[in-house]
Structures are given as structure tokens and as C-alpha cells.
Amino acid sequence: MLLILCPYCGPRAEIEFRCGGESHIERPGPYSEVDDGAWADYLFTRKNPKGEHRERWLHAAGCRQWFNVARDTVSHTILAVYPMGKTRPPTEAGT
Amino acid sequence: MSDVAASKGAEAARRGPFAGLNLDTRASGVTLADAGPCARFLLRGGGAAALAVGMALHLDMPREAYGCATDDAGRAMLWLGPDEWMLVAPEDDAAALTQKLDAALNDLAHALTDISHRNAGLIVRGPQVADAINAGCPLDLDIKAFPVGACTRTLLAKAEIVLWRIEADAFRIETTRSFAPYVVALLQQAARDQD
Amino acid sequence: MSDMAQPNRLPAGGAIEGRVDRNRPLAFTFDGKSYSGYAGDTLASALIAAGVKLIGRSFKYHRPRGIFSAGPEEPNALIELRGGARREPNTRATTIELYDGLEAASQNRWPSLAFDILAINQIASPLFVGGFYYKTFMWPASFWEKVYEPLIRRAAGLGRASESPDPDHYEKAYAFCDVLVVGSGPAGLAAALAAGRSGARVILCEDDAQLGGRLLSERQTIDDAPAHLFAAAAGGELRSLPNVCVMSRTQVFGAYDSEVYGALERVADHVTAPAAGVPRQRFWHIAAKRCVNAMGATERPIVFGGNDRPGVMLASAVRTYLNRFGVLPGRKAVVFTTNDDGWRTAADLVAAGAQVEAVVDPRASVDENLTKAAAAGGVRVLLGGYIVNVTGGARGVTSAIVSVAGKRQILTADLVAVSGGWNPQVALTTHRGGKPRWSDALSTFVPGDLPDGMTVAGAANGDLGLAESLRKGSEAGAAAAAACGFSAAPAPQPRAEDEPTAVAPLWHVAESRHKAFVDLQNDVTADDITLAHAEGFRSIEHLKRYTTLGMATDQGKTSNLNGHAMMAALTGQAMSDVGTILSRPPHQPVAIGAFAGHHRDRHFRPTRHTAGHAWALENGAVMVEAGPWLRPQYFPRSGEKDWLTTVVREVRTVRSVVGVCDVSTLGRIDIQGRDAAAFLDRVYVNTFSTLPVGKARYGVMLREDGFVMDDGTTSRFAEDHYVMSTTTANAAKIMQHLEFCHQALWPELDVSMVSVTEQWSQYAVAGPKARELLMQLYGPDVDLSNDALPYMGCREIPLRGIPTRLFRISFSGELAYELAVPARYGAAVLEALMALCGALGGCPYGTEAQSVMRIEKGHVAGNELNGQTVARDLGLGRMMSTKRDYIGRVMAGRPALMAPDRPTLVGIRPVEKGRRLTAGAHILPGGAAAVAANDQGYVTSVAYSPTCEGWIGLALVVNGPARHGERVHAFDAMRNNDQDVVICSPVFVDPEGVRLRG
Amino acid sequence: MGTFSFGSLLRNAMAGHKDWPRQWRAPDPKPAYDAIIVGAGGHGLATAYYLAKEHGVRNVAVLEKGWLGGGNTGRNTTIIRSNYLWEESEALYDHAVKLWEGLSHELNYNVMYSPRGVLMLAHNIHDIQVFKRHVHANRLAGIDNEWLTAEQAKEFCPPLNIAPGMRYPVLGAALRRRGGVARYDAVAWGYARAADRLGVDIIQNCEVKGIRRDANGAVTGVETTRGDIATKKIGVVAAGHTSVVMSMADVRMPLESFPLQALVSEPVKPVMPCVVMSNTIHAYISQSDKGELVIGAGTDQYISYSQTGGLHITTHTLDAICELFPMFRRMRMLRNWGGIVDVTPDRSPIIGKTPVPGLFVNCGWGTGGFKATPGSGHVFAATIARDEPHPIAAPFTMERFVTGRLIDEAAAAAVAH
């Protein structure tokens with residue numbers, strides 16, 4: 001069970017959280033100008049990287065806030081945590 | 001012609017979430033008690049709204065996790081999230097509070113929602129209280145890690161709760177009404193396991 | 001207690017007497033025969049004391065087996081503990097604390113332990129080599145299922161599981177500390193003392209009932225006193241420290257992410273049964289900032305002929321039985337050791353008055369202190385020697401055949417003590433992927449890269465010396481505490497010796513011609529390793545899977561290294577390249593019930609009740625699961641012969657008079673903010689910004705991929721205040737969806753959501769007399785006329801000081817309202833409503849009647865909103881706004897979701913009046929064959945409609961709307977209820993909606 | 001010739017088992033192959049076998065970064081069934097079941113296919129409706145699946161708890177009689193041995209590091225830890241690592257890789273006659289021929305490439321097992337491990353061509369790939385050999401997520417074990 005550093009509540013047990021998958025993906029728009037391919041990309045295509053992954057988490061049984069997590073998908077080490085809407089801070093892994 | 005109030009009187013007509021539940025833990029280390037009816041409001045809004053509420057109620061609004069502000073009128077403002085607070089107060093305070101808050105918040109971006117009936121408040125008390133709650137709660141409840149006055153939304157096994165330490169050996173657990181039987185049963189079992 | 005009863009118990013007062021409590025004799029039975037032991041014994045030590053040598057039969061060959069070890073690594077002495085509902089198969093006799101009245105039975109034998117029919121397998125054993133079953137049992141084909149597999153299954157398995165529910169309960173708990181110390185041997189105690197004295201929060205876990213580890217088994221001294229006294233003193237000090245929690249009988253079985261450790265506390269396994277209210281075991285989830293792993297080491301056996309016979313025992317186990325338990329495992333012993341440590345066994349045996357025939361050590365020369373000591377005890381020393389075979393049988397070892405410089409000699413013996421060296425317990429260091437490191441010095445693997453926060457000390461780290469263990473332990477404890485911000489003045493180190501521990505590797509005595517076992521429990525022999533090599537199963541993972549090496553309940557604690565080394569010898573690989581099997585939790589098997597803990601029976605998951613629950617039960621409601629809730633399904637009355645009769649009566653009453661239904665479980669979300677309207681326009685396919693205050697509107701929500709997610713009515717109480725209702729099942733999901741949309745997609749919007757499902761109790765009041773009923777409830781001064789509260793209107797109306805909300809909405813198609821009152825008044829208002837309802841000739845109705853009426857009305861529900869349908873399929877396409885973007889808009893326009901031939905909602909009626917319809921039946925063109933190719937859709941919901949006086953159904957059918965009136969076939973695979981049906985409009989009742997507007 | 005039979009076993013027994021040949025060679029990679037399969041799990045090995053056996057493509061290499069059968073093939077709960085909801089799935093999984101029936105003889109390797117019946121439990125009205133819908137749909141597709149009452153289910157599986165007092169009482173069950181289990185290692189080894197005898201090179205400890213392409217983007221070979229290898233056709237069957245391998249050809253996939261846990265108990269005498277699944281409370285259990293209870297747990301909620309999972313996931317499954325089988329509470333969990341499963345948005349696999357000429361992919365089997373092994377390999381081999389989708393594979397394209405022609409088994413089963 002991961003210990004996740006909620007940017008608002010500090011370190012808390014994973015069972016209080018929901019993982020929302022890949023982060024930093026923009027909802028396409030305006031609707032009239034985006035084709036199905038772009039939408040399928042937004043909804044379904046995923047980096048699914050082996051290594052650092054930027055993902056969204058929700059502190060569901062806590063402050064109810066969504067936020068970003070940079071996590072290593074091999075070691076499960078959490079490299080960075082930052083609020084929604086913020087750009088990715090650099091981490092060891094870079095990217 | 002029949003109606004609730006006439007047939008019973010509003011007071012008598014009320015039934016709390018613990019009605020019909022036996023709260024006896026049959027354990028020496030931990031006891032359970034119904035916190036009883038009270039006024040509860042959920043405030044959602046930004047800094048401005050918080051500021052206004054703080055001034056209106058003369059409360060030093062908690063701005064950080066685990067924060068809680070109380071006054072001697074029995075009002076308590078619990079931080080639940082960066083834009084969310086729960087205000088707990090004596091029941092007869094409800095009308096006055098609503099007035100004050102509506103006035104103070106007036107045209108500020110906010111949402112004020114009455115959840116007095118949504119929640120069930122349980123007082124859990126005793127020397128073994130932290131251990132009993134840790135039977136289902138993933139938080140470190142050591143007095144240094146979670147001091148008196150600390151509060152947060154968290155889990156008790158499979159129920160979502162707001163946990164609030166009101167004394168070194170006493171917690172207030174707020175859960176939604178329908179989870180009351182589950183929470184009580186779990187704490188009763190945990191209390192017995194501490195003996 | 002007479003010697004007759006415990007012939008192998010060393011006399012009290014002797015040079016070695018053990019430390020069992022001779023004033024507390026305990027009675028127990030094994031295979032029905034009565035024996036006695038003492039408090040402090042394990043079942044194994046008591047059986048040895050009683051002279052019982054044959055304990056079990058091996059897995060495959062059913063060879064006689066005895067006691068091999070004195071700890072959890074035991075591969076042989078597995079028994080069924082207790083009986084009836086508490087029967088525990090495969091329990092290691094070496095770890096069971098003896099208690100009065102203990103019942104144990106041998107397993108995997110028939111008819112008896114002494115005479116086991118399947119011992120015949122030994123004769124056929126040449127056939128039963130590793131993986132033999134992959135090569136045969138294939139002819140004739142039908143025999144595998146009918147003959148071979150059933151036979152194999154019956155032969156396999158060890159003990160028998162209990163056949164009735166476990167009467168005990170298990171507790172689960174979270175614990176937190178700065179420093180977790182695992183193991184209470186010299187290193188663990190030293191670490192706990194160092195950390196504890198610094199003031200850090202310490203948890204010390206010891207698997208055994210007593211603290212001390214090997215200190216309890218050796219004749220060593222610390223500060224010039226017997227080492228076990230040091231353990232006792234240290235335990236006393238630790239227990240006296242408020243910041244230290246000492247947990248004995250607690251095994252740490254796994255290391256998990258984020259420095260979480262799983263531990264199992266055996267609260268009541270050392271008594272006949274737990275006292276009332278006491279859990280059998282407690283499952284600990286320990287979050288530790290730092291961990292000092294001092295789990296110690298396991299002695300390694302040597303592979304040679306007959307090394308599985310009862311009486312062949314690990315050398316250190318022999319010392320444990322002598323020094324801790326005061327029992328003599330044998331009177332005439334041969335010690336076979338590759339290392340200095342093994343020689344201590346000879347010394348201890350001599351001190352205990354046993355005869356030691358010889359110490360056999362393959363090394364050409366050893367420390368002369370060892371040989372001197374041996375000579376002094378009258379023990380022959382056979383350097384450069386090997387045991388090539390051990391003879392004996394069910395009665396135990398009779399002799400050891402030793403080869404020295406090619407010359408064989410037979411030594412008569414009833415005990416063979418074996419030591420191939422020590423393997424550090426690396427398991428905890430590998431659970432998170434860490435790889436152990438090969439040590440040539442110790443010829444074994446030692447911890448390599450460690451998980452975050454863990455240090456390893458003592459024998460677990462390959463430091464076998466006592467003094468060194470104490471020193472390294474206290475250093476590790478101090479360092480761990482310091483890392484958490486605690487420090488203490490260094491305490492003086494206890495005085496102790498570092499006894500010699502030199503070792504030379506010997507895995508397998510190649511000269512052995514007899515069956516030599518690598519994995520004793522799974523009967524994996526040296527020949528199996530050779531075979532695996534020949535067939536190409538050379539990676540240790542393939543070796544494991546092909547031969548089952550290390551896959552028994554002991555997880556290869558005594559067998560893996562030998563097996564891997566033997567394979568390495570065959571492939572010529574270096575052990576550092578061979579590596580180890582990645583070990584997985586649990587380190588020792590853990591009862592499944594312990595994982596479940598409290599979560600059982602009624603509280604397996606929370607059961608949610610509405611405020612009206614008690615009333616429903618009092619009034620005879622039959623309850624049904626609705627997501628996490630229980631809801632009244634129907635309210636049978638005496639004399640009603642079946643549920644259908646009841647439901648029909650409820651529907652008729654609602655349609656002709658009035659009925660009341662508890663709809664409190666529907667999700668309700670309070671939505672406020674200046675942008676609330678704009679927000680709703682983006683999450684619903686239809687528009688809510690145009691909804692007037694005081695009005696409600698039916699809305700449909702899509703997933704972003706275009707499929708329907710949920711539906712419900714949303715009402716507007718102010719410009720910036722809406723109340724949304726969701727289906728019961730999706731309430732939580734929708735709340736999370738809305739929060740996501742706000743926080744992740746449109747944070748700029750001023751809107752906030754609060755779940756108020758449980759703030760309100762909500763009741764549907766439906767039927768021609770619904771208005772009359774509510775007027776009586778609210779009294780004359782409240783105007784509920786059609787003008788005051790028209791269809792789809794909503795108002796906040798105080799009811800004698802109680803704030804209530806009244807919605808004019810209808811699911812049933814009748815004149816209907818939904819009344820919401822604060823939950824604490826829910827029960828009382830329901831009672832008041834029902835009193836009035838009854839007086840008007842109405843009745844309560846449940847989910848069944850509700851479902852019948854929604855089908856009659858053609859409203860979609862769960863069966864149609866199944867995550868696979870789009871709005872058009874449900875006849876809701878017209879609601880989809882064409883002017884703006886909303887969740888799911890674009891993807892709903894994908895070709896496959898727009899395809900005209902998608903199954904679309906229709907009604908169906910049986911051609912044959914009164915014939916029953918089947919939900920799930922597939923629609924085929926009239927007269928078409930019943931094959932998938934002709935599939936044109938299926939029946940989603942059916943009901944007997946009192947209003948139509950017959951069965952009706954809803955279905956999703958290709959080109960449905962264009963086919964009203966067409967006769968098709970409904971294929972029923974279950975009830976043989978194939979029949980022709982007619983497609984019709986899904987609205988069976990009041991299509992114009994006159995009633996609900998009435 | 002090392003053909004397996006009771007006779008050969010007997011002969012070798014006499015000879016002290018010294019004459020058994022290697023079950024497969026350990027060849028060095030050749031400079032070039034007609035086709036390369038990336039991943040020596042059951043699906044990959046089956047693909048190679050059918051390429052050689054049915055399409056005459058024998059100059060094939062199977063590249064495996066670890067040891068063959070070491071991925072999900074060796075880590076799953078071996079459930080075999082085909083009672084899926086959609087016709088496309090039914091066709092695919094039933095194709096597999098038909099191959100399972102004769103597989104031991106086809107491969108001359110006893111894979112211990114044991115059709116002992118798969119029970120899917122219904123705990124509420126919704127389950128009943130969904131499973132009955134399955135039964136009707138399956139029967140229409142000619143697949144056996146029947147509905148049992150709770151009592152009939154108990155009769156079929158005596159240890160099952162059907163007490164009405166349960167939090168989620170058993171209200172009935174769908175039974176697929178020809179569903180069952182098989183010996184997972186034997187499946188990989190049997191295909192490996194059979195493919196090897198047809199000339200397929202199985203190259204272990206050989207990790208693919210890059211995919212080479214020509215000016216038109218078509219594949220020309222792979223770069224591996226054991227050197228570069230030329231080929232015009234690559235079939236990627238890398239399960240959890242598919243995204244990683246495909247990214248070497250700049251193809252991004254609609255996949256996420258999650259850790260899926262499973263566990264076994266200590267071995268006991270037969271207590272569980274069949275396979276029992278409960279999607280509602282997440283329990284999947286059977287008993288191996290060795291006597292261990294084999295229990296499938298769920299996936300963690302986050303992407304992971306480490307074969308470890310959270311303790312709370314195991315716990316969640318075991319409390320369900322204790323509800324359904326209270327008599328198993330005292331049995332002990334022996335081993336708990338994780339595999340990495342690649343999951344698609346609609347929980348159905350992707351089998352077929354990719355935007356890159358010569359690059360084929362077979363992935364997205366999620367938590368239920370084992371049961372499809374023979375069928376998957378069979379249709380994928382045909383797809384690679386003919387460079388066009390096998391009819392059964394045709395619906396399982398990547399494009400379906402753009403067109404919306406999904407095969408949504410997700411809604412049909414919470415976890416598609």
C-alpha cells in the first residue's frame with residue numbers, strides 16, 4: 001500500500017485515494033474542430049511508461065482534491081507531488 | 001387531519017441515526033456515546049468566503065490540514081479541505097448561524113449547505129480509544145502525531161468518517177447516517193478486542 | 001511424571017536440563033494416543049521426550065518422516081492440529097506451543113501412519129520423477145478427466161481442511177512506529193535496546209513465545225551469565241519502556257511499499273480455544289519509518305542418501321532440544337558438519353550424557369580446539385569424511401555409512417545431526433525486489449540491496465558471532481533511531497565471545513547411491529535435479545516449477561540453496577550468476593481468515609438503511625439489495641399466495657388510489673455557485689441553464705466516450721442553486737465525476753457540489769389521490785393545486801416548522817410527487833404519510849411495483865442503462881443539444897454509435913395473450929434459425945402488467961422504432977419459453993401523459 | 001525421438017532417466033528470420049507453433065527477455081471459460097476452448113486441461129439479470145452455459161456458503177460445464193517443445209531493445225541484447241510490456257499495465273471440485289491438482305511494472321473468500337505474487353495489424369488471457385502469415401476505439417477472469 005503525500009494533507013495511506021490515470025492530457029476542443037481520432041487519443045491512448053509516470057490522484061477520503069503525482073512505475077517511488085493545473089516540476093528522472 | 005407536528009410534536013417526531021442501536025461496547029477500555037443532534041453546515045468556498053465567515057463568527061478559520069477552531073459558544077470549524085469546512089454548533093444556534101453566514105457571505109463565491117441530518121456523531125472515549133479506532137483507521141493516532149483538536153476526513157474500515165480528537169482519550173466520529181450501524185458494530189468489536 | 005512417560009526427557013538438575021516448567025505437566029494426544037509434556041515444550045519437543053520418532057509421511061513417496069528442525073523451517077513434521085471446525089492441516093509440530101489437551105494427528109497416510117498403503121509409491125518411485133505427469137496420463141483421451149486426474153488429486157494434498165466454518169474471529173489493526181525490530185535474537189535485542197533507550201517509538205516483533213532467539217538454544221554466556229538470562233533481562237527492560245511495544249508470538253511475514261510491514265500476532269493459538277471475545281489472531285499493518293531486520297539464519301542441511309530418515313536432524317535443532325527443552329533426540333549420535341558451528345552439537349550431546357560415535361567433517365583440517373574438545377569427550381573425529389547413506393525405517397535411523405578417503409565404515413546410531421552451514425533469512429529484504437548477494441566466505445546468499453528504511457543485523461546479515469551480533473545490532477538500532485531524530489548515550493557493550501564459524505561448502509554427497517533428498521517435503525531428490533538439467537529446465541525458476549523444488553509449505557527454507565548449487569554444479573555457473581528465487585510474502589503461511597479480520601458476515605461490507613427501514617420491517621416488507629442499500633421489494637399481506645399477487649395489488653392500488661414508496665436511496669447532490677447552470681449544461685446532454693427556478697427537468701449524462709452514464713431529475717431552487725438526483729447505484733460515482741469535471745476540466749467555474757443524499761428522506765407519493773393525501777399532510781393553508789405546483793414543479797414548503805421540499809415528478813406515470821424531509825424526521829413523516837395513505841385506501845409499494853410501473857411507462861432503468869447503450873438507443877436522442885459541447889458529445893457521434901442498425905428501445909407483447917415473457921431472451925426475425933448470426937437484439941426488462949392484464953417487456957431491437965407491429969421470435973435458452981412476440985411502442989400506459997399532468 | 005508416452009516413461013525409468021533429451025534447444029540467434037515473435041509466454045509460443053505447424057513458416061524466432069513462461073503464463077489462476085457476452089468474444093474464446101479440448105495430444109504434452117466447471121455467482125438482482133442474459137446469448141451462440149439456483153450451486157460446489165444471512169447472499173449461478181483449469185507451466189512448455197521440434201528458435205535472456213524500420217516505415221529487424229536480427233515480420237506478444245515494445249516503433253497503445261495479484265494456500269486433500277467466480281465481491285478460486293487453493297485477487301489502481309501489489313488488494317479478495325467459504329478461514333496463504341496485465345478501455349484484447357507495415361500486435365488480454373492461449377496464438381499466427389486479420393480476430397482491431405465499435409466486456413464483468 002503506497003503512502004501518498006497529499007499536497008494538502010501530507011502523507012496518507014493509499015486506500016484514501018483514487019488514481020485517475022495519466023495526467024497532463026488536455027480535453028480536445030472546440031468540439032466542432034476536433035476529429036474522432038484526436039478524441040480517441042485523449043480518451044484511450046496512454047503513455048503507460050516503464051519508469052516515471054505523471055498521473056492524477058484524488059484524495060477521496062480526505063480533502064477531496066485532485067492533484068498530480070510523478071511516480072516511478074517500477075519502484076513505486078513518488079518523485080513529486082503538485083496541484084492540478086500546475087506544470088510538471090523537474091524530477092531526477094527529468095522529462 | 002393528521003400531521004407530524006400535531007400528532008407528536010416536532011421533538012418527539014425526530015429519530016436519530018443511532019435509534020434502536022445498542023451502543024454498549026461490553027469493554028472496559030472504550031465506550032461509545034451518541035453525540036446527539038446538532039447543527040452542521042458544510043462551507044465550500046475560497047479564501048474570501050473563509051475570511052468573511054471567520055470575521056462574522058469571530059473564529060480563527062483553520063487554513064491547514066487537521067486544523068480546527070472552536071469557541072466557548074460550542075461552535076467548531078473543522079478544516080476538511082482547502083475549500084471545504086464543516087461547522088458544528090449547538091442545534092438551537094442553527095437559525096442565528098444561518099442568518100449571520102448568509103449576511104457575511106452574501107455575494108461571495110461560496111456554497112453553504114445544511115448537513116445537520118446527513119451526519120451521525122459518535123463520541124468514542126477511553127484509555128484504549130486510539131487502538132480501537134486503529135482497528136479500522138489508517139492514521140497514526142499517537143498523541144504527538146494526531147493531537148487534541150486535530151481533525152480530518154478519513155476511513156474507518158469501509159466507512160468514510162470525519163475523525164476529530166476532542167480530548168487525549170476521546171474522539172468524535174462523524175459519519176453519514178446510514179453508516180452508523182456499521183461504524184458502531186466495528187468499534188464495539190474493536191473495543192472488545194482491546195480488553 | 002515418570003521416565004516411562006517421557007523416556008527422552010533429561011533429568012532435572014543435570015548438566016543440561018532445559019528450561020521447561022516441570023511443575024506444569026501437560027497432557028496431549030497424537031493419533032489418539034495420550035502423552036505428556038511440560039509447559040514450555042513445543043509439540044515436537046514433547047514428542048521427542050515421549051520417544052515418538054515417526055511423525056508423518058512424505059508428499060509423493062509416503063516415506064516415513066520424523067522431526068528435522070526445531071523451528072518454522074520444518075519440512076517433515078507436519079500434522080493436523082485440533083479437530084472439527086478448528087482443524088488446522090499442515091501445522092508444524094516444531095512451532096506449536098504445547099497446551100493441556102492438545103490434539104494432533106498425522107496426515108497424508110492411510111490407513112495408519114505406521115502402515116501406509118501409498119508407501120507402495122516408493123516401489124514405483126522410479127516412475128514418479130519430476131514432471132512425470134506431463135509425459136503420460138494422456139491415453140486413452142477420456143481417461144484424464146475420468147480416471148487419472150481424480151486419482152492424482154486424491155493422492156496429492158497433505159492434510160485435510162476443516163469441513164465446517166471457522167468458529168474463531170480475527171482482528172485487524174494499524175500500528176505505527178519509528179523503528180520496527182524484527183527478531184529478538186542477540187542482534188534484535190541489542191537493536192531494540194539501543195533504539196528504545198533513545199526514546200524512539202519501537203515495536204519489537206518475535207515469532208517465538210519467548211524473546212531470545214538462538215540465545216535460548218545455546219550454552220553461551222553474556223556478561224559471564226547464561227545468555228538466556230540476558231534475553232530475559234533485556235525483555236524486562238524493553239517492556240518497562242513506555243515507548244517500546246514488545247510483541248511476542250508475532251511473525252513479520254512481509255515487506256511492502258512505503259515501509260509497510262505485514263505481521264501476524266498469534267493471540268490464542270497456544271490455548272485450546274480463544275476465550276470469549278478474544279480474537280484467535282491479530283493481523284497487523286505496521287507502518288515503520290525504519291526497520292532493523294534481525295530475523296537470524298536457518299541452518300542448511302546436506303544432501304546424502306537416506307537424509308530424510310526419522311532421526312536425521314539439523315545440528316542446531318539438536319542443541320535446541322537439549323538446551324532449551326531438556327530432551328534427548330538420540331542416545332547414539334553421529335554429527336555430520338561442514339563447519340565449526342556443527343561441532344558444538346557434539347559437545348552439547350556429550351554434556352547431556354549421550355554417546356557421540358563420531359564427528360564427520362569433509363574438511364581435511366579444522367581448528368584444533370575443536371578436535372581437542374571432541375577427543376576429551378571421547379568422540380571420534382573423521383576429517384575428510386562424508387555420510388553417504390543412512391539406514392533405517394519407520395522406527396528411525398539405525399546406522400550411518402561413512403566414507404573417509406574412499407573407505408566405508410558403518411557407524412550404528414539413532415541420531416544423525418547435520419550442518420551444512422547457515423543461510424541468513426533474506427526473505428524480508430527481497431519482498432520488494434531486492435536481490436541477495438553471494439558470499440564466498442559463508443558460501444551462501446546474504447542481503448544485497450535493501451528496501452528503503454531497512455537495515456539488517458546479526459545472523460540475518462551473515463554475522464554469526466555472538467559478540468558481533470550484539471555489537472552490530474545495537475549499532476543498527478541506534479542508527480535507525482537517529483534517522484528518526486532520536487539519540488541516546490552509547491551504553492557499554494555486553495561481554496560475549498565470537499565462537500569460530502568457519503565453513504566449507506558441501507551441498508551434495510555425490511558418492512551417495514541411495515535416494516538423497518533436496519526438498520524433503522516435496523520429495524525432490526538429487527536425481528530430479530539431474531533430470532531437470534538434462535531436459536533443459538536449468539534456470540532456477542524452471543527448476544523450481546519443473547521439480548517443485550522449494551514450492552512446499554516451507555518455501556524451500558532448507559532446500560533451495562542446495563538445489564540451486566547442485567544445478568550450478570551441473571551447468572558450471574557461478575552461484576552469483578545463478579541468483580535466487582525472488583521470494584514472495586508471506587515469509588510463513590498466514591491464515592486466510594486473518595486477512596479478512598472484522599470484515600465478515602453482516603459487516604463484510606456496510607449495509608445501508610434508510611430512515612424508514614424500521615417502519616418497512618414492522619410492516620412486513622421483503623427487503624432487497626439496491627447497491628449498498630436495502631430497500632423494500634414488496635409488502636406482502638396475509639393471504640397473498642406469491643410475490644406476484646402482492647406486486648399486482650400494489651400496482652393496482654397506486655394506479656387507482658395512491659401509494660407511497662421510499663426513494664431516499666436515490667443520490668442527491670446539492671449544486672451551488674454562480675456557474676452552476678453553465679456547469680450542468682456541460683455535464684448533461686440537455687440544457688439546464690434555461691430551467692426556470694421552481695422547476696425540475698429530466699436529464700441524461702454521458703461518459704466522455706459517448707455512452708449513457710446516468711439519468712435523473714435535477715431541480716432549480718435558485719438562480720445559483722440546483723439539486724441533482726442520480727440513480728441509487730451511481731450516486732457516489734456521479735459525485736466523483738462532477739468533482740473531476742470541476743477540478744480537472746473547468747476549475748474556472750464557480751460551482752461546488754455537496755452530497756445531500758442522507759440529509760433528506762424522500763418519499764414518492766403516486767396515484768390519483770396523491771394530491772389529496774399531501775393536502776391532508778400539509779394542511780389547508782398550503783396550496784398544492786395544479787397551478788400552484790404544476791407537473792415538473794418543485795417548492796420548499798415548511799411542514800409545521802420542518803423544512804421540506806416537494807417535487808411534482810412521476811416515475812410511475814401517475815399524478816405523483818416526491819416529498820423530501822430532513823432525515824431525522826424521515827421515520828415520523830413516513831408514518832404520518834402511511835396513516836393518511838391507509839385512510840384513503842392506499843398502500844406502501846416497493847421496488848417491484850415501481851419497476852412494473854416504469855416498464856408500463858417505458859422509462860429506462862439499470863437494465864437499459866447498462867453502460868453499453870447510447871442516448872439514441874434509448875429513444876433519448878432528441879434530448880441531445882446540438883448547440884454546445886458537453887461531456888461525451890463528440891464521441892457519441894462516432895460512426896458505430898450513430899449506426900442506424902443499433903438495437904433501439906421498443907416494447908414487446910406476447911402474441912399468445914397471458915404468456916409469460918423472459919428477460920434476456922434474444923430477438924430473432926420471425927421463423928429464423930436460433931443462431932448468433934440472426935441475433936437482432938434482446939429483451940431487457942419484463943413485467944406482468946396489471947394495467948395491460950398481461951406480460952409486457954422492453955427490448956433493444958435492431959431498427960426497433962421502424963418495426964412497431966412486426967411479429968418476431970423471442971429465443972429463450974433457459975425456460976424453453978420460445979415464443980413469438982409483437983414489437984410495439986415502449987409506452988404501454990397513458991402515452992399522452994394525461995394522468996401525470998392531472 | 002523423444003515422444004512422450006507411458007512406454008517412454010517406463011523405458012527411461014529403467015534407464016534411470018538418463019536419456020531424456022532437452023525439451024527445447026538453447027540456440028543462438030540467427031542473423032535473420034522470416035518472422036520474430038517478441039515474448040515467450042503462452043500466447044507467443046502458441047503463435048510460433050501455429051506459424052510453423054499450420055502456415056509452414058518455420059524460420060521463426062521467439063525472443064524472451066527472461067525465461068520462457070515466466071510472465072503471466074506462470075502467474076495466473078488458469079481459469080478457462082468462454083461464457084462471454086458479445087458474439088465477437090464468444091467466437092474467440094470458444095475457438096480457444098475447442099483447441100484446449102485436444103491440446104495435450106496435439107502437443108504430446110499433458111497440459112492437464114481439466115474442465116471441471118466454472119460457476120459464476122449471482123449475489124443480487126442485477127447479477128441475476130446480467131448472467132441470465134449471458135446464458136441466453138451463449139446458448140444462441142451454441143456455447144454451453146446454464147443457470148443454477150443457489151441450492152443447485154451448493155450441490156455442485158459443496159463448500160460454498162449459501163446462507164441467506166450473508167451480506168451478499170448467493171442467489172444463483174451461471175455454470176459453464178466445459179470451463180475449468182489447466183496446468184499453466186505445461187502449456188508454455190508444451191508449446192515450446194512442440195514449436196522447437198518444428199524448427200522454431202526459442203531464445204531466452206534476449207531482450208528487444210529496438211525495432212528497425214526502413215524509409216517507408218516498414219520493419220526490417222530488431223535490436224536485442226544478443227545482437228541485431230533481421231526480419232520483415234514482428235509479432236509483439238509482450239503482455240504487460242507491450243506499450244514499452246510498441247513505443248520502439250513509435251506506436252502508442254490504448255493500454256495501461258496494472259499489477260494483478262494471485263495467491264495459493266497450503267495444499268490440502270480435495271475440497272474444491274470446481275472453479276468459482278464472483279465478480280460482485282471479487283473472488284476467484286479453484287483447487288490445483290497439487291491441492292493448493294488457487295485464488296485470484298484484483299489489480300492495483302495504478303500503473304506498475306513491478307510484479308508486486310498492495311497488501312490491501314489481497315486482503316480485499318480474501319475477505320470475500322472467507323464469506324463464500326467460511327471453512328477456509330483457517331487455511332493458510334502460502335504464496336502471494338503479482339503479474340503485470342495490460343488492459344484496454346473495453347477489456348477486450350487487440351489482435352492484428354498496426355499502422356507500421358510488418359508489425360503485428362497481440363495484447364490487451366487484461367486479467368483473462370490464459371484461457372485464450374491456444375485460440376489467441378492460432379488466429380494471431382494466421383494474421384501474421386497472411387498479413388490480414390483472421391476472421392475471428394478481425395473485430396479486435398485498435399481502430400475500434402476510434403470508430404466506437406467496442407467489444408465491451410467491462411460492463412459485463414467487473415473483472416474478466
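Just so we're on the same page: letters track the sequence lines, and every chain starts at 1. Note that this is a predicted model, so its numbers are computed, not measured.
Distance CE/A/M84 to CZ/A/F67: 10.0 Å, rounded to 0.5 Å.
In terms of non-hydrogen atom pairs under 4.5 Å with chain A, the most contact-rich of D/G310, D/G240, D/S304 is D/S304. The candidate with the highest count of non-hydrogen atom pairs below 4.5 Å against chain D, out of A/G21, A/P49, A/G37, is A/P49. The candidate with the highest count of non-hydrogen atom pairs below 4.5 Å against chain D, out of A/T73, A/N48, A/D41, is A/N48. The choice from D/R252, D/M398, D/H241 that makes the most heavy-atom pairs within less than 4.5 Å of chain A is D/R252. Across D/T242, D/L311, D/L255, D/I340, the residue that shares the most heavy-atom pairs under 4.5 angstrom with chain A is D/L255.
Of the atoms belonging to A/D72, not a single heavy atom falls under 4.5 Å from chain D. For a residue to count as touching a neighbouring chain, one of its non-hydrogen atoms must lie under 4.5 Å from one of that chain's; by this rule D/T308 touches chain A with backbone and side chain alike. When heavy atoms are compared at a cutoff of 4.5 Å, D/D342 does not approach chain A at all. Residue A/W39: no heavy atom, backbone or side chain, is found under 4.5 Å from chain D. Residue contact with chain D, scored on non-hydrogen atoms closer than 4.5 Å, involves the side chain of A/L2 exclusively. Of the two parts of A/R71, only the side chain, counted from C-beta on, holds a non-hydrogen atom closer than 4.5 Å to a non-hydrogen atom of chain D. Only the side chain of D/V244 has a heavy atom closer than 4.5 Å to any heavy atom of chain A.
Ring to ring, D/Y168 and D/H282 are not that close: their centroids are 6.0 angstrom or more apart.
A perpendicular orientation is assigned to the rings of A/H76 and D/Y302, their planes being inclined by more than 60° (bins at 30° and 60°).
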Practice task
Applying side-chain hydrogen bond (donor to acceptor under 3.5 Å, both in side chains), run through D/E207 and D/T225 and close with a yes or a no.
Solution key: CA-CA 5 Å; D/E207 183 173 4; D/T225 49; 5.7 Å; no

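Between the side chains of A/H53 and A/K47, no donor-acceptor pair is found at a separation under 3.5 Å. For the 3.5 Å distance criterion, the side chains of D/N362 and D/S376 qualify, holding a donor opposite an acceptor.
Contact between D/R226 and D/C206 at its shortest, heavy atoms only, is CD-CB, 3.8 Å.
Remark: the backbone N or O of A/A61 is not paired with any side-chain donor or acceptor of A/R64 at under 3.5 angstrom.
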